[in-house]
Undergrad: 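A single structure is presented below for examination.
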Amino acid sequence: MRLSRYFLPILRETPKEAEIVSHRLMLRAGMIRQQSAGIYSWLPLGQRVLASIGRIVREEQDRAGAIEILMPTIQSAELWRESGRYEDYGLEMLRIEDRHEREMLYGPTNEEMVTEIFRSYVRSYRELPLNLYHIQWKFRDEVRPRFGVMRGREFLMKDAYSFDLDQEGARASYNRMFVAYLRTFDRLGLKAIPMRAESGPIGGDMSHEFIILADTGESQVFSSRRLLDMAVPGEDTDFSADLSPIVDAWTTPYAATEEKHDPAAFERLPESERVSARGIEVGHIFYFGTKYSEPMGAKVAGPDGQMRTVHMGSYGIGVSRLVAAVIEASHDDAGIIWPRNITPFHVGLVNLKPGDKNTDLACETLYARLAKAGVEVLYDDVEARAGAKFATMDLIGLPHQLIVGPKGLERDEVEIKNRRDGSRQNLSPDAAVNWLVAEWR
RNA sequence: CGGGGCGUAGCGCAGUCUGGUAGCGCACCUGCUUUGGGAGCAGGGGGUCGCAAGUUCGAAUCUUGCCGCCCCGACCA
């Protein structure tokens with residue numbers, strides 16, 4: 001992509017409403033535009049990151065056996081009356097009336113709707129386990145939206161819903177999502193720690209929040225250091241096998257948010273193993289048994305021919321929130337530092353002197369060769385001063401900058417700068433292409 | 001929803017107290033010079049001063065009402 005043809009509205013100054021670093025950087029890097037309190041447009045750079053995160057979430061959901069669907073944003077109030085939540089949900093639910101004065105709502109979540117789908121079609125335990133998910137915009141009319149997309153009113157969320165014959169089956173479904181989450185956050189370049197969470201009316205131990213550590217996190221968390229160094233289950237994980245050993249390993253070391261914190265237990269950890277930090281919740285999984293299937297009549301025939309109410313769980317990942325969470329966890333004074341799997345472009349190609357024949361030719365050649373090799377390049381071909389170009393590249397945080405100017409070219413050299421550690425290497429243009437292609441293949 | 005604050009050009013702000021017909025920096029456009037870490041000079045474009053009513057010869061400025069946005073708290077993916 002040529003910068004001269006792209007839409008990247010960089011702000012040099014920080015809009016005053018932005019309080020936390022991710023919000024500031026997202027506005028400055030031209031990723032989002034606020035349209036109303038807690039409601040944002042996603043501009044090209046932001047949209048690319050959002051799409052990348054969605055892709056990784058999808059791949060890991062699919063790998064774990066969940067099946068993608070797409071449910072609407074607007075729902076009928078009737079469904080929610082069945083579960084009793086239409087009255088319970090309160091002012092956070094955005095209620096709408098259509099032209100026929102039918103009561104509608106902008107969905108804050110989809111348990112009722114997915115249960116309606118399930119009960120309409122599934123009759124037998126033989127069709128279980130079933131896990132349906134979608135990635136869709138949700139709306140919760142927060143009293144006070146803040147921190148940009150970290151806590152907006154409209155947000156993109158992956159929510160999965162599992163259906164099993166009994167609690168034992170539900171536990172296996174829960175474990176599959178647990179492992180999928182470990183893998184998802186790892187691929188996003190994040191250290192996510194599963195922490196025991198409030199489990200609602202059902203009780204038990206099947207509710208975890210996945211928390212990433214970031215200085216600007218919203219809540220205080222306490223954890224064993226061991227969880228930070230634990231190996232994440234690999235791509236070859238067999239999701240049809242019993243995953244409880246993995247889940248057990250990840251839930252044994254101490255980890256709790258402030259609400260569930262047990263200071264005494266935490267103190268028993270060796271001093272060097274205690275981590276007390278700020279955290280951001282990026283995922284939440286829980287089992288809720290028959291809370292919706294019972295009132296809504298989601299039943300299947302068991303092996304004995306008797307009808308049984310299915311056991312359900314739901315599993316959320318805040319996709320749009322993750323964009324901000326990643327930035328909170330990965331930035332410096334100059335700007336964003338994208339993890340390689342979700343970066344909007346792989347390489348920023350900087351032409352230091354557009355209009356100079358040699359420099360233009362060298363850049364065009366590099367751009368074409370990298371594109372041909374499948375490396376995604378944002379080519380800064382606009383006329384601006386070197387300093388401004390460097391500042392922009394650092395701000396938008398692409399992992400590698402390929403810097404090309406007349407001085408270097410005289411020595412047949414271009415420069416590759418690593419955004420994360422600031423290291424630089426001077427290479428011939430050929431060697432630079434080879435190096436970047438090897439890096440991004 | 002309680003408490004606090006802010007709406008003046010795309011962004012950051014001054015002007016409001018004490019009414020006189022709108023300004024600064026950045027960004028944008030033109031030209032010249034400059035050119036490896038946010039250049040300089042000169043010229044230029046852009047604003048129903050959040051909206052509405054009122055007071056006044058005259059309102060960004062005073063009065064009233066409304067709307068929007070932000071921060072702290074309670075609440076939450």
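Proteins come first, then strands; the chains are lettered A, B, ... in the order of their sequence lines, and each starts at number 1.
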Undergrad: Parallel, tilted or perpendicular: which one describes the rings of A:Phe118 and A:Phe163, with boundaries at 30° and 60°?
TA: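 Parallel.
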Undergrad: Does A:Arg144 place a side-chain N or O at less than 4.0 Å from the phosphate oxygens OP1/OP2 of B:C71?
TA: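 Result: yes.
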Undergrad: Give one of base, sugar-phosphate or nothing for A:Gly30, where a contact means two heavy atoms less than 4.0 Å apart.
TA: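 It contacts nothing in the nucleic acid.
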Undergrad: Return the nearest nucleotide to the side chain of A:Arg385; candidates are B:U34, B:G12, B:C76.
TA: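 Taking heavy atoms from C-beta onward, the closest nucleotide is B:U34.
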Undergrad: Ignoring hydrogens and geometry beyond distance, is the side chain of A:Arg151 in donor-acceptor contact with the base of B:C75 at under 3.5 Å?
TA: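 It does, because a donor-acceptor pair links the side chain of A:Arg151 to the base of B:C75 below 3.5 Å.
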Undergrad: Measure from the side chain of A:Arg12, starting at C-beta and using heavy atoms only, and say which of B:C1, B:G38, B:A77 lies closest.
TA: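 That would be B:G38.
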Undergrad: What's the closest nucleotide to the A:Arg146 side chain, out of B:C76, B:G37, B:G73?
TA: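 For A:Arg146, the side-chain atoms sit closest to B:G73.
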Undergrad: Considering only heavy atoms and no angle criterion, is a donor-acceptor pair shorter than 3.5 Å present between the side chain of A:Lys16 and the base of B:G5?
TA: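 Flag unset: no donor-acceptor pair detected.
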Undergrad: Of the candidate nucleotides B:C70, B:G37, B:C75, which contains the atom at the shortest distance from the side chain of A:Glu92?
TA: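 The answer is B:C75.
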Undergrad: Determine the interatomic distance between P on B:G54 and the same-named atom on B:U18; round to the nearest Å.
TA: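 Each nucleotide's P atom is 24 Å from the other's.
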Undergrad: Any strand is fair game: report the nucleotide pairing with B:G23 by Watson-Crick or G-U wobble, both distances under 3.5 Å, or none.
TA: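 By the stated definition (distances under 3.5 Å), B:C13 pairs with B:G23.
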Undergrad: B:U35, OP1 or OP2 - any side-chain N/O from A:Lys353 closer than 4.0 Å?
TA: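 For B:U35, neither OP1 nor OP2 has a side-chain N or O of A:Lys353 closer than 4.0 Å.
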Undergrad: Would you kindly check if the NZ (Lys) or CZ (Arg) of A:Arg140 is within the cone defined by 45 degrees around the ring axis of A:Phe155 and under 6.0 Å from the six-membered ring centre?
TA: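 Ring-cation test returns no.
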Undergrad: When you match A:Pro15 and A:Pro145 each to their closest nucleotide on RNA chain B, which lands nearer the 5' end?
TA: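 Nearest-nucleotide comparison on RNA chain B picks A:Pro15.
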Undergrad: Please walk me through it: do A:Tyr287 and A:Tyr174 pass ring-ring contact (aromatic ring centres under 6.0 Å, His included)?
TA: CA-CA 7 Å; A:Tyr287 162 74; A:Tyr174 184 89; 7.8 Å; no
Undergrad: Just compare B:C71, B:G38, B:G36 and give me whichever is closest to any side-chain atom of A:Ala388.
TA: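 Side chain of A:Ala388 sits closest to B:G38.
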Undergrad: Does B:C76 have a Watson-Crick or wobble partner in any strand here, with both distances under 3.5 angstrom, and which is it?
TA: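 With both distances under 3.5 Å required, B:C76 matches none.
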Undergrad: How long is the line joining CG of A:Leu156 and P of B:A77, in whole Å?
TA: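 Atom CG in A:Leu156 sits about 16 Å away from atom P in B:A77.
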Undergrad: On the side chain of A:Arg24, is there an atom forming a donor-acceptor pair with the base of B:G12 - under 3.5 Å, no angle test?
TA: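 Looking at the base of B:G12, it does not pair with any donor or acceptor on the side chain of A:Arg24 (distance under 3.5 Å).
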Undergrad: In whole angstroms, how far is the P atom of B:A77 from the CZ atom of A:Phe147?
TA: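 Answer to the nearest Å: 15 Å.
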Undergrad: Tell me the partner of B:U48, counting only Watson-Crick (N1-N3 plus N6-O4 or O6-N4) or G-U wobble (N1-O2 and O6-N3) with both under 3.5 Å; none if nothing fits.
TA: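 Pair assignment: B:U48 / none.
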Undergrad: ring-ring contact (aromatic ring centres under 6.0 Å, His included) between A:His261 and A:Tyr254: does it pass, once the steps are laid out?
TA: CA-CA 9 Å; A:His261 185 45; A:Tyr254 187 84; 5.8 Å; yes
Undergrad: If you measure from the P atom in B:U55 to the same atom in B:G15, how many Å do you get, rounded?
TA: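 That atom pair is separated by 29 Å.
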Undergrad: Would you classify A:Gly318 as touching base, sugar-phosphate or nothing, given that sugar-phosphate means primed atoms plus P, OP1 and OP2, and contacts are heavy atoms under 4.0 Å?
TA: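 Counting heavy atoms under 4.0 Å across all strands, no contact is made by A:Gly318.
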Undergrad: Measure from CD on A:Glu17 to C1' on B:C72 and round the result to the nearest Å.
TA: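 The answer, rounded to whole Å, is 17 Å.
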Undergrad: Would you indicate what A:Gln34 reaches in the nucleic acid, counting non-hydrogen atoms under 4.0 angstrom: base, sugar-phosphate, or nothing?
TA: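 Sugar-phosphate, no base atom in range.
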Undergrad: Does a side-chain N or O of A:Arg424 approach OP1 or OP2 of B:G36 to a distance below 4.0 Å, or not?
TA: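 No, outside the criterion.
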Undergrad: Select one nucleotide: of B:A74, B:G36, B:G37, the one nearest the side-chain heavy atoms of A:Lys407.
TA: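 Of the options given, the side chain of A:Lys407 lies nearest B:G36.
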Undergrad: Nearest-nucleotide wise, let me know which of A:Ala384 and A:Val149 is further upstream toward the 5' end of RNA chain B.
TA: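 Upstream on the strand: A:Ala384.
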Undergrad: Classify A:Gly405 by what it touches in the nucleic acid, base, sugar-phosphate, or nothing, heavy-atom distance under 4.0 Å.
TA: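 The residue A:Gly405 makes base contact.
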Undergrad: Please report the interatomic distance CE(A:Met195) to NZ(A:Lys260), rounded to the nearest 0.5 Å.
TA: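 Going from CE on A:Met195 over to NZ on A:Lys260, the span is 13.0 Å.
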Undergrad: For nucleotides B:G73 and B:G10, find the distance between their C1' atoms and express it as a whole number of Å.
TA: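 Going atom to atom, C1' in each nucleotide, I get 34 Å.
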Undergrad: Give the rounded distance in Å between these two atoms: CZ of A:Phe185 and P of B:A77.
TA: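 Spelled out: CZ on A:Phe185 to P on B:A77 is 14 Å.
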Undergrad: Calculate the interatomic distance between A:Phe155 atom CZ and B:A77 atom C1'; express it in whole Å.
TA: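 Whole-Å distance recorded here is 6 Å.
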Undergrad: Paired with B:U63: which nucleotide, if any, by Watson-Crick or G-U wobble criteria at under 3.5 Å for both distances?
TA: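 Pairing partner: B:A53.
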Undergrad: Verify whether one side chain among A:Asp62 and A:Tyr133 offers a donor that lies under 3.5 Å from an acceptor in the other.
TA: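 A pair is found: one side chain offers a donor N or O, the other an acceptor, under 3.5 Å apart.
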Undergrad: If only side-chain N and O atoms count, and only distance matters, is there a donor-acceptor pair under 3.5 Å linking A:Gln220 with A:Ser276?
TA: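 A:Gln220 and A:Ser276 do have a side-chain donor-acceptor pair below 3.5 Å.
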Undergrad: Output the single nucleotide from B:G38, B:G36, B:C76 whose closest atom is nearest the side chain of A:Arg140.
TA: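 Of the options given, the side chain of A:Arg140 lies nearest B:C76.
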Undergrad: Who is the Watson-Crick or G-U wobble partner of B:U30, with both distances under 3.5 Å?
TA: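 Per the H-bond distance test, B:A42.
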Undergrad: Taking any strand in view, what nucleotide pairs with B:G58 in a Watson-Crick or G-U wobble way, both distances under 3.5 Å?
TA: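 B:G58 is unpaired by these criteria.
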